[in-house]
2 protein chains.
Amino acid sequence: MAINNNNSDNSLPESVVPEVVIQRLPLYVRVLTQFSSAGEEVISSEQLGTRLQMTPAQIRKDLSYFGRFGKQGRGYNISMLEEKLRTILGLDRTWNAAVIGMGRLGRAVVSYPGFAPEGFNILAAFDASDEIVGQTISGLQVESISQLSQSVIDHDIKIGIVTVPIDHAQEVIDALVEAGIKSILNYAPLSPQVPEGVTVRGIDPVLSLQSMTYYIK
Amino acid sequence: MAINNNNSDNSLPESVVPEVVIQRLPLYVRVLTQFSSAGEEVISSEQLGTRLQMTPAQIRKDLSYFGRFGKQGRGYNISMLEEKLRTILGLDRTWNAAVIGMGRLGRAVVSYPGFAPEGFNILAAFDASDEIVGQTISGLQVESISQLSQSVIDHDIKIGIVTVPIDHAQEVIDALVEAGIKSILNYAPLSPQVPEGVTVRGIDPVLSLQSMTYYIK
DNA sequence: GAGACTTTGTGATACAAAGCACACAGTCGT
DNA sequence: ACGACTGTGTGCTTTGTATCACAAAGTCTC
């Protein structure tokens with residue numbers, strides 16, 4: 001069967017690989033990194049599955065979308081697999097991001113030390129308020145949102161992180177889309193409308209809590 | 001994405017409802033609240049679907065797991081449906097939570113103003129470090145983790161929010177489970193191991209970014 | 001280097017979720 | 001108060017995803 005899944009990006013809009021699979025790959029990368037720095041060299045789908053609480057079969061199937069990385073009777077070479085997965089995901093390079101909304105949440109995001117080590121660099125910060133524009137926060141000079149388009153070009157920004165209050169979130173997202181951004185991380189508590197080809201992921205702790213309470217009872 | 005475990009064997013009809021459905025209900029509640037405060041009284045599955053970018057059929061199916069809330073030819077009464085859904089989810093009451101880990105992230109979480117209005121009250125804060133225990137942060141006296149079990153009882157805490165560094169996350173989660181907590185919101189970048197009956201939801205912006213980069217290309 | 005053992009990669013199968021389509025209940029205009 | 005509409009609730013179909021199961025490929029031991 002083996003539909004030939006090369007890494008070369010043809011401009012075909014739809015990928016054959018299910019989105020759920022893509023979302024699991026970073027999980028694999030993370031575990032591989034851990035095992036790797038623990039000095040291990042080889043790992044089986046069984047071990048990966050135990051760690052991630054999923055079946056070995058699912059892991060093998062997921063990986064089989066992209067190639068044949070394992071050796072029968074042995075398992076996967078950890079550093080080789082990690083590198084392959086990073087390349088597939090585009091994690092073999094760095095990505096520039098902008099944060100829009102420099103309130104409490106935006107400040108927490110720009111000063112969060114977890115992005116840079118993973119190759120995500122926040123290079124620009126925006127706000128609508130004249131009070132805040134011009135201030136320097138975590139080493140970033142806050143710009144006016146009207147500068148967005150230009151700044152996206154200047155800094156080669158590929159990712160927008162939205163931390164504005166809910167009532168401005170949709171318009172900020174529209175502006176990001178207008179500026180050519182295709183990947184948005186949205187902290188505002190709404191389901192934004194975006195055109196095809198734009199990926200949005202929401203970070204919403206309240207939503208998570210609200211679905212957990214169903215099970216306490 | 002995150003691995004969650006649930007299986008409270010209550011043979012109640014509710015245990016039959018797929019977890020994905022439960023996770024969508026808070027979304028419906030949110031939109032209903034918005035429409036309601038915009039003065040609307042009735043909404044159709046079509047309108048809801050447009051707003052949430054899903055098919056009307058899916059919304060009707062989801063709701064049909066819990067009863068018949070709509071009127072043919074008219075739609076759903078907004079405030080009635082909102083109330084029903086809140087009751088189903090257990091959002092018709094407040095829930096007490098504890099935050100464990102009072103570093104940068106934990107401080108941001110306890111001072112985040114988005115939880116209380118939704119009925120989630122953070123009543124206790126914990127840390128392992130002697131430096132921090134005893135301090136007052138956002139009106140909370142930081143306690144030692146050894147106090148956890150007792151504090152869970154004293155404050156009737158039902159939700160644990162984990163904001164410790166990754167290398168202590170599993171042990172903190174174990175301690176929460178040990179203390180009888182069944183719902184955990186995990187900010188640490190790992191897939192924790194928990195026994196059946198405990199629900200964990202992960203908040204992990206890096207993971208979200210890492211799966212988005214696949215699509216920029 | 002032969003035979004026992006391990007673990008992959010994948011077709012086939014089973015299961016779960018989403019979407020369709022329509023009978024039926026209720027609404028609205030005249 | 002009746003006919004044209006509207007929109008729900010749901011059995012059935014389709015699509016999508018996870019799991020099973022096993023041949024093939026490789027490893028390890030003596």
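Lettering of chains follows the sequences in order, A, B, ..., and the numbering in each one begins at 1. We use all heavy atoms of the structure for the numbers below, so side chains are in, but hydrogens, waters and symmetry mates are not.
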Rounded to whole angstroms, how far apart are [atom1] on [X] and [atom2] on [N]?
X	N	atom1	atom2	answer
A/Q47	C/dT6	CD	C1'	12 Å
B/L48	D/dT8	CG	C1'	13 Å
A/Q58	C/dC15	CD	C1'	13 Å
A/Y76	D/dG26	OH	P	14 Å
B/L63	C/dA17	CG	C1'	16 Å
B/Y65	D/dT8	OH	P	18 Å
A/I43	C/dT6	CD1	P	18 Å
A/L52	D/dA18	CG	C1'	16 Å

Side-chain N or O of [X] less than 4.0 angstrom from OP1 or OP2 on [N]?
X	N	answer
A/T55	D/dA18	no
B/R24	C/dA17	no
B/R68	D/dT10	yes

First encountered from the 5' end of DNA chain D, between A/Q72 and B/G70: B/G70
For DNA chain D, whose closest nucleotide is more 5', that of B/S64 or that of A/E19? B/S64
Assert: residue with more 5' nearest nucleotide on DNA chain C, out of A/R74 and A/A57, is A/R74
Taking the side chain of [X] as heavy atoms from C-beta outward, which of [options] is closest to it?
X	options	value
A/V20	C/dT8, D/dT17, D/dT8	D/dT17
B/K61	C/dT8, C/dT10, D/dT10	D/dT10
A/S45	C/dT8, D/dG9, C/dG9	C/dT8
A/K71	C/dA25, D/dG26, C/dA17	D/dG26

Between A/S151 and A/L148 (side chain of the first, backbone of the second, donor and acceptor by atom type, cut-off under 3.5 Å), is there such a pair? no
In plain terms, say whether A/R60 and A/D62 are close enough for a salt bridge, that is, a side-chain N and a carboxylate O under 4.0 Å apart. no
Would you mind checking if A/D204 and B/R201 are paired as a salt bridge, meaning a charged N to carboxylate O distance below 4.0 Å? no
Just to be sure I understand the rule, does B/R60 reach a base, reach only the sugar-phosphate, or reach nothing, if contact means heavy atoms closer than 4.0 Å? base
Is it true that the side chains of B/R51 and B/Q34 contain a donor and an acceptor less than 3.5 Å apart? yes
Distance only, no hydrogens: is a donor on one side chain within 3.5 Å (strictly under) of an acceptor on the other, for B/T33 and B/E82? yes
